[in-house]
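One structure follows; several queries about it will come next.
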2 protein chains.
Amino acid sequence: MIKQPTMDDVAAEAHVSRALVSLVMQDPSRVGQARREAVLAAVDKLGYRPNVLARNLASRHTCTIGIVINDLHNPYFVDVLDGIEMAATAEGYQLLLASGWGRTRSEQAAVDSFLDYRVDGVILAGSRLDSKTIVKAAKNAPVVVIGRSLRSELVDSINNDEAIGSRLAVDHLVELGHKAIAHIDGGSGAGSAARRAGYIATMNHHGLGHQIDVLSGNFTEMGGASAARVLLDRPKMPTAVFASNDLMAAGALNALEEGGLRIPGDISLVGYDNTTHASMRHMSLSTVHQPRERMGKLAVEALLERINRTRSTCRREVLKPSLIARSTSAPLPRQGP
Amino acid sequence: MIKQPTMDDVAAEAHVSRALVSLVMQDPSRVGQARREAVLAAVDKLGYRPNVLARNLASRHTCTIGIVINDLHNPYFVDVLDGIEMAATAEGYQLLLASGWGRTRSEQAAVDSFLDYRVDGVILAGSRLDSKTIVKAAKNAPVVVIGRSLRSELVDSINNDEAIGSRLAVDHLVELGHKAIAHIDGGSGAGSAARRAGYIATMNHHGLGHQIDVLSGNFTEMGGASAARVLLDRPKMPTAVFASNDLMAAGALNALEEGGLRIPGDISLVGYDNTTHASMRHMSLSTVHQPRERMGKLAVEALLERINRTRSTCRREVLKPSLIARSTSAPLPRQGP
DNA sequence: TGCAACTATTGGAGCGCTTCAAAACCTAGA
DNA sequence: TCTAGGTTTTGAAGCGCTCCAATAGTTGCA
């Protein structure tokens, strides 16, 4: 670290006490004009920048929130992040970001690191950490989770209604005449279980229980592609596939076309998340839309309520998703029995 | 912030001095076994976690590097980030991340914030900050820039050879028989100028100077789409388009198809960056590949050399890109003159 | 002119940790 | 038993800032 001027240097330069400099740095209007200008001039002259470490240490709060994103490669999370960023900076809070790189260990390390930095609060997006770990963290600082639910009263959560989302997707396919509808799930990923459950429930609701067909995936393109290849190897293919997120849908789309199938001619495909790429004409994926930015915003809102102790009870938001039908889903072509 | 145990609490609990606890926290092997175990037991019992703020303040270094990513929505940067993360954690360094959200002001704020946190070094990926600002930052902490060059001796840079990249793209199209090759540039984005220059040089080299046609873009999908629409409105379209990055190529692809053109039947398209989506069969974009993870790795390497003062001269890496021909580029169809 | 009532400054005691010189404790050889 | 030489611990002085009680300086009004 290169030697930098300290508050004492500024104080000496401006011929005032350090406390006065401190006041100016926090709120210039609380200080008489003459001194204020002297201090500001000194700050400018020396190129002084307050040391945040010292400031946070002494003031016991950081005005910073830590965000742990499960995987930055998933554009869905980046959109959520947009919402978080907007809300946080509007409230004067700084963001510290960390990616879990899809690994639980890295996520854990990121959370610990934030706690060590004494951030005022933590937002976990799509975390795969186990509940105990999260609750434990929540004892040190307020925690809000996005895209996952938790029993604890300590942890707020912002969720999409996965049951409805899955229902919308399956209903859509059923309306198009499909019966053999397979599902590629997200493995242990956040929200995966609920989406799968929604799929199963809706299939049953339509009397399609015997057609239930769940393939395991992992919320990545690779996962979607290999699940599709499993399908391709089967003697009898489903007529439609509902993937638990867009990334997997993209991978499946890929593999399916590689296998010589046309979409939606031979097989319909619906994703989940409505990521930017899904919306592109070239992909034009039918998918379930979640109000991502709004989720980020609500997360910040909830977190601040905890930080400011405006609320001590638990808050659990569940937002309604909607279906966006594009061109990867089409009516089942009439065929002989 | 919730009250947490301090080093003094641990010292009292273990009946030793605070200095001893400090030693244990840094390197347990430097302390006699009996006390060490007592301290460790106390740490465990109290759930003690060292306060990083205090530690960094007292030790005057943070073992942390700050990364400012121009735009997290661009998967290219996330790949670079992968490389950075691997290299940094391997060396025992922590990462603090910030996104510029495509806004210069946010980037500036992120850099300032890192400097205020007294990170040991900063990596800027795709930064649009002006040189002076970056050089000024470099006076406070070592700075490495990725995907942009800088005159200063203080700042190391890791770059892709944009001239070669553009040449590869244009050569490829020329070999396919194209002559009317337009270029969508990245506006003021990092690397944009060099890619444009490479395009112009290569066009001239092929005696195609009169065909040079540069449309302005901004490295986003939207930008690519609107540039393509400009093209669509023209009486005479080029037969090929070289976009300055994949995101814009995707947007252009979109708009072009929307305009009723087939790709590559009616018009060929080449991108730049070889992002994951470009590689997907459904997009299958011809593009220029950059060794992204390697760039991240080299950036960390260079930064650590500065931090450890192993090197004080400037290091400028320029990596060779390669062309990946996929299915958005095809030979020019024979037509009457 | 004197004093209450403010407002503008300052001194100094921390925040929780590192660091290093000095103190305390050990060991082994004389 | 005593001591040189090594190892283990400790005390205390910071790191750069905040914050509060206390001091200095102003104003207004009787």
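Computed from a predicted structure; not experimentally measured. Labels below follow one simple rule: chain letters A, B, ... track the order of the sequence lines, proteins then strands, and each chain is numbered from 1.
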Legend entry - Atom pair CD1/CD of A:Ile65 and A:Glu91 - distance to nearest 0.5 Å: 9.5 Å
Legend entry - Exceeds 12 heavy-atom contacts within 6.0 angstrom, atom CZ of B:Arg294: no
Legend entry - DNA chain D: 5'-most and 3'-most nucleotides touching chain A, 4.0 angstrom heavy-atom criterion: D:dG16 to D:dC19
Inset, instruction - Could you state the atom-to-atom distance from CG of B:Asp8 to P of C:dC17 in whole Å? - result: 8 Å
Legend entry - Beyond-backbone contact of A:Val300 with A:Met86, side-chain heavy atoms, under 4.5 angstrom: no
Inset, instruction - Mind calculating the distance between CZ (B:Arg18) and P (C:dG16) to the nearest angstrom? - result: 10 Å
Inset, instruction - Please work out if B:Val16 contacts a base, only the sugar-phosphate, or nothing of the nucleic acid, heavy-atom cut-off 4.0 Å. - result: sugar-phosphate
Inset, instruction - Can you figure out which of C:dC17, C:dG11, C:dC20 approaches the side chain of A:Ser17 most closely? - result: C:dG11
Inset, instruction - Looking at every strand, decide which applies to A:Ser59 at a 4.0 Å heavy-atom threshold: base, sugar-phosphate, or nothing. - result: sugar-phosphate
Inset, instruction - Determine, for B:Glu107 against B:Arg128, whether the closest basic-nitrogen to carboxylate-oxygen distance falls under 4.0 angstrom. - result: no
Inset, instruction - Look at B:Arg311 together with B:Asp156 and state whether they make a salt bridge at an N to O cut-off of under 4.0 Å. - result: yes
Legend entry - Test log, rule side-chain contact (heavy atoms from CB on, under 4.5 Å), inputs A:His15 and A:Arg35: CA-CA 9 Å; A:His15 304 292; A:Arg35 317 272 176 158; over 6 Å; no
Inset, instruction - For the side chain of A:Leu57, starting at C-beta, report the closest nucleotide among C:dG16, C:dT10, C:dG14. - result: C:dG16
Legend entry - Neighbours of DNA chain D within residues 28-44 of chain B, by heavy-atom distance under 4.0 Å: B:Val31, B:Gly32, B:Arg35
Inset, instruction - Measure the distance from CZ on A:Arg60 to P on C:dG16 and round it to the nearest whole Å. - result: 6 Å
Inset, instruction - May I ask you to say whether A:Arg49 pairs ionically with B:Asp112, meaning some side-chain N is under 4.0 Å from a carboxylate O? - result: yes
Legend entry - N-O pairing of B:Lys297 and B:Glu85 below 4.0 Å: no
Legend entry - Rounded distance in Å - CG (A:Leu20) to P (C:dT7): 17 Å
Legend entry - CZ on A:Phe114 to OG1 on A:Thr62, rounded to 0.5 Å: 11.0 Å
Inset, instruction - Tell me which nucleotide among C:dT19, C:dT10, C:dC17 gets nearest to the side chain of B:Tyr48. - result: C:dC17
Legend entry - Below 4.0 Å: OP1/OP2 of C:dG16 and any side-chain N or O of B:Gln4: no
Inset, instruction - In whole angstrom, give the distance that lies between atom CE of B:Met7 and atom P of C:dG14. - result: 20 Å
